Peer 1: 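Dropping the structure in here first, questions after.
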2 protein chains.
Amino acid sequence: MDAKEILKQHIAKTAKLTDEQFDYVFSHFKPQSYKKGQVVISEGSRVDYEYFVVSGCLKAFFVNDEIKMYILQFAMPTWWSSDYGALYNQTRATINIDCITDAEVLCLSNDDREKICSELHPVEHFFRWRTNRGYLASQKRLLSFMNNDTKARYEELLALYPQLYNLVPKHLIAAYLGVSRETLSRLYNTHK
Amino acid sequence: MDAKEILKQHIAKTAKLTDEQFDYVFSHFKPQSYKKGQVVISEGSRVDYEYFVVSGCLKAFFVNDEIKMYILQFAMPTWWSSDYGALYNQTRATINIDCITDAEVLCLSNDDREKICSELHPVEHFFRWRTNRGYLASQKRLLSFMNNDTKARYEELLALYPQLYNLVPKHLIAAYLGVSRETLSRLYNTHK
DNA sequence: TTCCGAAAGTGACCTACATCACGTAACGCC
DNA sequence: GGCGTTACGTGATGTAGGTCACTTTCGGAA
């Protein structure tokens, strides 16, 4: 299945578009290929696009004091990623995004999103729901952070994305969970 | 300024509505008064409404094992609050909302929101942006959780809502920060 | 005013996790 | 193939914050 079809089915889940409407929407997306390790957004740079992942896996992360890295999101296929704060407010990026694996994405500029949102009501509807799902996921993760210990969060993460265990190095999983790589290592080696 | 005017100005910041359009939108909101301590949503119950705070302060919280409480949000005037997971997915509430002070709110049902969103494009636009702001706030808080220690988060919170210090009991602030009330107490008493 | 329950302070102790330090295994790349 | 870089395991030690137990302060109702 090609990028266009993947996006079409993804949108169709929340908004009804005619084929012509979708073709028009799709014409605003720019396909892009990245190699493993390539940088998509780096802190301090301008942010003009958001990214729809077609294949591969990105990570959105924040680096504190040039030392500690915290992963905000692993972006898998059909996920969206960007520095939305910078994108919406037209400010410089405060987070980074790069590629954990080779990846294909579709880029949508901020201006084009606002344009197609205002031109096509169902598109605005789609983006409202997409954002809502992101909001709910974020709240859920926040709760999990406060409520669960590291081990529980680790199991929760693997239950949600079983692929992740083989796909990404362990220290990235630790950075997502917000613990040191040593602690994570001990977690599944000491007991079990 | 009355509830209607407060909502009108709030919406006007992100969407242009004519007076007639706003009157129509407003007709779907139901004003409601609550006393301090009254319950708005309780875990396990049905969730039919979201709430726009006109005056007073609500808290949205989760209780673990009937013991520990975690506060997801203090809802101040012009903030929205609900169990959005339950509201959007038509499931039972997983969180609670009650009133820290006497409060006036405007209630909007899920059906009515979807109705006015589909009838009026600018309304859909407004709700997309509102949700987006919530998403960004939630991400920011998540980052702060991973990155900052308790003291830094405490100061961050007070910088954001100076009113909170006098308005809500300290153990609720502790529940927002995700630490025990004892730890919070020591925080501003030992050094300072 | 008195009284009671809730909120807040405080000491003693314990635990989960960070940090530092070092060793080993796995992988690109010349 | 050899070699450096990155990932991962593991011990020793320090510390922030949790938990428990008790005391003190405060705010509202009779």
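Since this is a predicted model, take the numbers as computed values, not measurements. Sequence lines set the chain letters: A, B, ... in the order given, protein chains first and strands last, and positions in each chain run from 1.
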Peer 1: Mind calculating the distance between NZ (A/Lys68) and C1' (C/dT19) to the nearest angstrom?
Peer 2: 10 Å
Peer 1: Could you check whether the rings of B/Tyr135 and A/Tyr84 sit parallel, tilted or perpendicular, using 30° and 60° as the cut-offs?
Peer 2: perpendicular
Peer 1: With a 4.0 Å limit, can you tell me whether A/Lys170 has a side-chain N or O closer than that to the phosphate oxygens OP1/OP2 of D/dT6?
Peer 2: no
Peer 1: Rounded to the nearest angstrom, tell me the gap between atom CZ in B/Phe145 and atom C1' in D/dG17.
Peer 2: 13 Å
Peer 1: For the pair made of CZ in B/Arg186 and P in D/dT23, what is the distance, rounded to whole Å?
Peer 2: 16 Å
Peer 1: To the nearest Å, how far apart are A/Glu182 CD and D/dC8 C1'?
Peer 2: 10 Å
Peer 1: Counting the benzene-type ring for Trp, do A/Tyr176 and A/Tyr70 have ring centres under 6.0 Å apart?
Peer 2: no
Peer 1: So, do B/Tyr88 and A/Trp129 sit near enough that their side-chain heavy atoms are less than 4.5 Å apart?
Peer 2: yes
Peer 1: Does a side-chain N or O of A/Tyr188 approach OP1 or OP2 of D/dG9 to a distance below 4.0 Å, or not?
Peer 2: yes
Peer 1: What class does the angle between the rings of B/Phe26 and B/Phe29 fall in, given that below 30° is parallel, 30 to 60° is tilted and above 60° is perpendicular?
Peer 2: parallel
Peer 1: Would you say A/His171 reaches D/dT6's phosphate, i.e. side-chain N/O to OP1/OP2 under 4.0 Å?
Peer 2: no
Peer 1: Using OP1 and OP2 only, check whether a side-chain N or O of A/Thr183 sits under 4.0 Å from C/dC17.
Peer 2: no
Peer 1: Where the side chain of A/Ser185 is concerned, which of C/dG9, D/dA7, D/dT10 is the nearest nucleotide?
Peer 2: D/dT10
Peer 1: In whole angstrom, give the distance that lies between atom OH of A/Tyr165 and atom C1' of D/dA7.
Peer 2: 13 Å
Peer 1: 5'-most contact on DNA chain D: B/Lys36 or B/Arg181, nearest heavy atom basis?
Peer 2: B/Arg181
Peer 1: At their closest point, which heavy atom of B/Asp83 faces which heavy atom of B/Thr94, and how far apart are they?
Peer 2: OD2-N, 2.8 Å
Peer 1: Would you mind reading off the distance between A/Lys151 atom NZ and C/dT15 atom P, rounded to a whole angstrom?
Peer 2: 17 Å
Peer 1: Roughly, in whole Å, what's the span from CG in B/Asp149 to P in C/dT19?
Peer 2: 12 Å
Peer 1: Take the protein atom CZ of B/Arg153 and the nucleotide atom P of D/dA16, then report the distance between them rounded to whole Å.
Peer 2: 14 Å
Peer 1: Report yes if a side-chain nitrogen or oxygen of A/Thr150 is closer than 4.0 Å to either non-bridging phosphate oxygen (OP1 or OP2) of C/dC17; otherwise report no.
Peer 2: yes
